[in-house]
Number of protein chains: 2
Amino acid sequence: MENIRELFQVMTRRFGLLNKNCCSIDPIDISLAQSHILYEIDKHHSPSMQQIADILAMDITTFSRQIQNLVKMGLVKKEPSPEDRRVYTLSLTTQGKFIATTIDREINQYLAEVFSRMTEFEKETVIRSIKLLNECMAKSSVCCKPLF
Amino acid sequence: MENIRELFQVMTRRFGLLNKNCCSIDPIDISLAQSHILYEIDKHHSPSMQQIADILAMDITTFSRQIQNLVKMGLVKKEPSPEDRRVYTLSLTTQGKFIATTIDREINQYLAEVFSRMTEFEKETVIRSIKLLNECMAKSSVCCKPLF
DNA sequence: ACAAATATTTGTATTTTGCAAATAAAATAA
DNA sequence: TTATTTTATTTGCAAAATACAAATATTTGT
C-alpha cells in the first residue's frame, strides 16, 4: 500500500491551487480566505458572523476584519439581527453574488474537465468515494477540532 | 448529481484542519506552511530552495525567509551545492526529521482511524479513486498553474 | 568575453493573524 | 428583579506572513 497521506497531500494541494487561481474575476481580486467566506455565506441563509467563522475554523477577530473589508468592497452586506441584537447577519450583495457564482462556475468547469477523462463508472465511483470519506471523517473523534 | 465542488471543499477543509492541528509537537509549534516545507524537504533528496518553493507554489522570497526561520529553529540545514554555487541544498536536521516523522505518524494515524470505518473493499476503492483523481488532475491543462 | 538567464537574498510596504481587552446584549442564577 | 455569567462582535496592538522591486552572485549561451 502506498503512502496515503501523500495522496491526500497532492490532491488537496491541487484543489487549493485551483481555488486560489479562481480568485481573480475580471478587475476584482480577492484572497483565498475571502473566496471561502463568500462561498459559505452564499451557501447558508443569513448566517451570523460566528457561524461562518466556526465553519471556516477562523479566528473571530480575523474574520471580523475580513468581513469589514468585504463590506467595504461592496461584496457583503452586514445587518443587525432583529432577534438578537448582539448578532450580525451576513449576505452577499448582487456584486458579491456575481463573484461567488463566477468562481463556482470556474471551479466546477475545471472539475468537469478533470472528470471528463474518466469513464462514467469511474466518475461515479470517485464521487461516491469522496462522499464516503467525508462521512467517515465526520464520524471520527480522534482528531480535528473544530469539528463540524 | 450533487454539488461536486462542495464535496471537495469539505474534504480538503477537513484535511487542512488535520494538517494544522498536527503542527504542535511537544514543546515545539510550527506553522502550517512550515509543516509543508518540512514534509517536502523530507520527501526529496537534497532539494534546492527553488525546487521546494515551486512544489509548494510559494513565492520564493517568502520561502527564503521561512527557511531562514527553520534554520534558526534548528530544524533545517542549508548547504551550498557543490555543483552550482548559486544553489543551496536543503535537508532536515535530526530534530527536523523527528518533527516531520512525528507529524507524519499522527496524520497517518488519523487517516487509518478514518479508514477503519470502511470495509477493506471500500478502503481500496477510495484509495484507488484518489489516485485516479490525482492522475486526471495532473493531465488537465485547463487550469492551475503552477502545474507539477 | 558579453548578454541573458537562474538562484537566492534583502528592502520595504502591505496584509494577515491572533491574543487580550472592551463593549453590548442576552441568558441564567440568586 | 437584580446580579452574574455567557455569548457575539469589535478594537488595540504587536508579531508574522506576504510579495513586489531591486541587488548579488553565478552559470549558460553566443
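Here is the naming used below: chain letters follow the sequence lines, and residue numbers restart at 1 for every chain.
- Side-chain N/O atoms of B/N69 include one lying less than 4.0 angstrom from OP1 or OP2 on D/dA17.
- The CD1 atom of A/I52 sits 11 Å away from the P atom of D/dT9 (whole-angstrom rounding).
- The interatomic distance linking A/D54 (CG) with D/dT7 (P) rounds to 12 Å, in whole Å.
- Between B/I55 and B/H44, the closest side-chain pair of non-hydrogen atoms falls below 4.5 Å.
- Of the N and O atoms on the side chains of B/T12 and A/T12, not one donor lies less than 3.5 Å from an acceptor on the other residue.
- Remark: A/S64 is not in phosphate contact with D/dT9, judged by side-chain N or O atoms under 4.0 Å from OP1 or OP2.
- Taking atom CG of A/D84 as the reference point, atom P of D/dT6 lies 17 Å away to the nearest angstrom.
- Side chains of A/S140 and B/E113: a donor on one and an acceptor on the other come within 3.5 Å.
- When each of A/K20 and A/Y88 is assigned the nucleotide of DNA chain D bearing its nearest heavy atom, the one mapping closer to the 5' terminus is A/Y88.
- Of the candidates C/dT17, D/dA19, C/dA26, the closest approach to any side-chain atom of A/M58 belongs to C/dT17.
- Applying the 4.0 Å criterion to OP1 and OP2 of D/dA17, one finds that B/Q66 has a side-chain N or O inside that range.
- The side chain of B/Q34 places no N or O atom within less than 4.0 Å of a non-bridging phosphate oxygen (OP1 or OP2) of D/dA16.
- Here C/dT17 is the nucleotide among C/dT17, C/dT8, D/dT10 with the atom lying nearest to any side-chain atom of A/T62.
- Rounded to an integer number of Å, the gap from CD1 of B/I30 to P of D/dA17 is 11 Å.
- When each of C/dG18, D/dT10, D/dT26 is scored by its nearest atom to the side-chain atoms of A/D59, the top-ranked nucleotide is C/dG18.
- Around atom NZ of B/K20, no more than 12 heavy atoms belonging to other residues, nucleotides or ligands sit under 6.0 Å away.
- Rounded to whole Å, the distance from CD on B/E83 to P on C/dA7 is 14 Å.
- The side chain of A/V87 approaches D/dT9 more closely than any other nucleotide in the set D/dT9, C/dT8, D/dA21.
- Per the geometry, CZ belonging to B/F63 stands 15 Å off P belonging to C/dT10, to the nearest Å.
- Between A/Q51 and D/dA8 there is no side-chain polar atom (N or O) within less than 4.0 angstrom of OP1 or OP2.
- Residue whose closest nucleotide on DNA chain C sits further toward the 5' end, between A/R85 and A/R65: A/R65.
- The base of C/dT8 lies outside donor-acceptor range of the side chain of B/R86, with no N or O pair under 3.5 Å.
- Rounded to an integer number of Å, the gap from A/I67 CD1 to C/dT16 C1' is 15 Å.
- In this structure, a donor-acceptor pair under 3.5 Å is present between the side chains of A/Y39 and B/E6.
- Going from atom CG of A/D29 over to atom C1' of D/dC20 covers 14 Å, rounded to whole Å.
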